[in-house]
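See structure below.
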Amino acid sequence: MGVIGRRPRRRVGGPLVGAALAVALLAAAPTGARAEAAEASILRVEFDPPTFYPGQATLAYATLDPGTASWSEAVLAVVSERPDEAGAPETGAPEVEILSARLERRGGQPILIVRFVPWTAGRGLIPGMELGGLAVTGLRFDCASALTSLRPPVLLPQLEPPGLRSRLYLAGGVALVALLAGLTAAFRAAPWFGAIKARWAAARSRKEFDALLEAVVEIEPETAAWAALCAAVRRFVGTRTGVDWSAMTASEIALSPEGPVPGPTRDAAAAILSSGDAARFAGSVEAGLADAVAAARAVADSLDEAERAP
């Protein structure tokens, strides 16, 4: 058994370690042992782990065939040494550091176990050595690159909070029910909103009509006051009933069917328009302007009562 004393450790290339091993064995073994070392054939080589990377301590198991040579179990502790001179490993082979080597008997066959550390990726060589009476040639290995072991990150599905789907289904159901309830309420409330809008429009038109009746008596000349009054009556009746009287004469209004304008209201409005035509175009003063304004206000009151009646 050859043993090399412990010294400061370094990483060295294959040729340097081979030289160190050879020198150590030659120095530790007697002359007769060196002459008796026989070259053993390498049957197979296995590594533990099978795939290794730079800087990872690895075991190489080499099954040997000693032939007819005699051999014995042996242990060789190897500690590499940094030389004083600044040397560099020989280019072409990955840098490797040998930690230890031993020769064991398993099933009657010699097994060479070498513990080493590769320091560069790629193909490399464990240098040959003599151990237990057998000379073993170099063991080739392939050191994987750590970069090739990297894999792109796998995207995982987003995690759902507990009960998320149930809450979503519940919220969707509530929203659907609320939508249906809102549509039903809107359809039912549409007539009510329409009635409210119609009442607001009626109140606004009546207010405007009353303001015009207050101002019409002050218009000069009187024919202009009659023209404003007749136009206001036609517009007010049209707004409140939807009947367009703008192009109808007083006699045509009096002969028109009752329709949405009650008969008495229609006749009273026709009388106001007839008096206005007589005052404007014939100079008749049979009906006074104040009486016509009072009659127009009565027409507006009758239309308000007719709308409130239903």
Side-chain angles (χ1 to χ4, degrees), residues 6-18 20-21 41-65 75-82 86-107 109-129 131 136-183:
R6 182 171 301 276
R7 299 177 183 176
R9 182 173 296 177
R10 67 177 294 268
R11 299 197 301 266
V12 295
L16 293 180
V17 173
L21 287 173
S41 301
I42 301 175
L43 299 180
R44 65 178 179 275
V45 180
E46 298 177 355
F47 296 94
D48 183 21
T51 302
F52 48 91
Y53 304 95
Q56 181 179 2
T58 308
L59 291 175
Y61 296 87
T63 303
L64 307 179
D65 181 9
V75 176
L76 177 66
V78 179
V79 179
S80 56
E81 179 181 3
R82 179 181 298 275
E90 183 178 338
T91 58
E95 192 176 1
V96 61
E97 179 181 356
I98 306 300
L99 301 180
S100 65
R102 67 179 181 271
L103 188 65
E104 294 183 358
R105 184 185 303 272
R106 295 186 181 180
Q109 279 189 313
I111 303 294
L112 176 62
I113 305 174
V114 181
R115 187 167 181 264
F116 67 101
V117 178
W119 290 106
T120 56
R123 295 184 179 276
L125 179 67
I126 299 175
M129 61 186 69
L131 191 63
V136 183
T137 60
L139 305 178
R140 297 189 178 276
F141 63 86
D142 191 357
C143 180
S145 174
L147 298 179
T148 59
S149 63
L150 300 178
R151 296 291 183 269
V154 179
L155 298 180
L156 299 178
Q158 184 175 0
L159 298 179
E160 296 182 359
L164 175 62
R165 297 190 180 185
S166 301
R167 290 197 294 269
L168 289 178
Y169 294 150
L170 180 61
V174 171
L176 182 59
V177 171
L179 178 61
L180 294 177
L183 292 176

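Side chains included, hydrogens not; waters and symmetry mates left out as well; all remaining heavy atoms used. Everything numeric here is computed off the predicted structure, so don't read it as measured data. Throughout, numbering of the chain's residues begins at 1 and tracks the sequence.
Across Ala144 and Ala121, no two heavy atoms sit closer than the pair O-CB, 3.9 Å. When all heavy atoms are compared, the tightest approach of Ala101 to Met129 is CB-SD, 3.7 Å. Residues Leu59 and Phe116 approach most closely at C-CE2, 4.4 Å, considering heavy atoms. In this structure, Gln109 and Leu43 approach most closely via the heavy-atom pair NE2-CD1, 3.5 Å. Minimum interatomic distance between Leu139 and Ala60 (heavy atoms only, all atoms of both residues): CD1-CB, 4.5 Å. When every heavy atom of Ala57 is checked against every heavy atom of Pro49, the shortest pair comes out as O-CD, 4.4 Å.
To the nearest 0.5 angstrom, Phe47 atom CZ is 10.5 Å from Cys143 atom SG. Rounded to the nearest 0.5 Å, atoms CD1 (Ile113) and CG (Leu76) are 13.0 Å apart.
At distances below 3.5 Å, not a single donor-acceptor pair connects side-chain atoms of Arg44 with backbone N or O atoms of Tyr61.
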Evaluation steps, side chain to side chain contact (heavy atoms under 4.5 Å, CB included), between Leu131 and Val136 | CA-CA 8 Å; Leu131 191 63; Val136 183; over 6 Å; no
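Between Asp48 and Thr58, the closest side-chain pair of non-hydrogen atoms is not below 4.5 Å. Looking only at side-chain heavy atoms (C-beta outward), Leu103 and Leu64 come within less than 4.5 Å of each other. Counting heavy atoms from C-beta on, the side chains of Ile42 and Thr137 come closer than 4.5 Å.
No more than 12 heavy atoms of other residues, nucleotides or ligands sit less than 6.0 Å from atom CZ of Arg140. For Leu159, the CG atom is loosely surrounded, since the number of other residues' heavy atoms within 6.0 Å does not exceed 12.
Taking the six-membered ring where the residue is Trp, Phe141 and Phe52 present tilted rings, their angle falling between 30° and 60°.
For Glu160, the side-chain contact (heavy atoms from CB on, under 4.5 Å) test picks out Leu164, Arg165, with sequence neighbours left out. The salt bridge (Lys or Arg N to Asp or Glu O under 4.0 Å) check on Glu104 picks up Arg102, Arg106, with sequence neighbours excluded.
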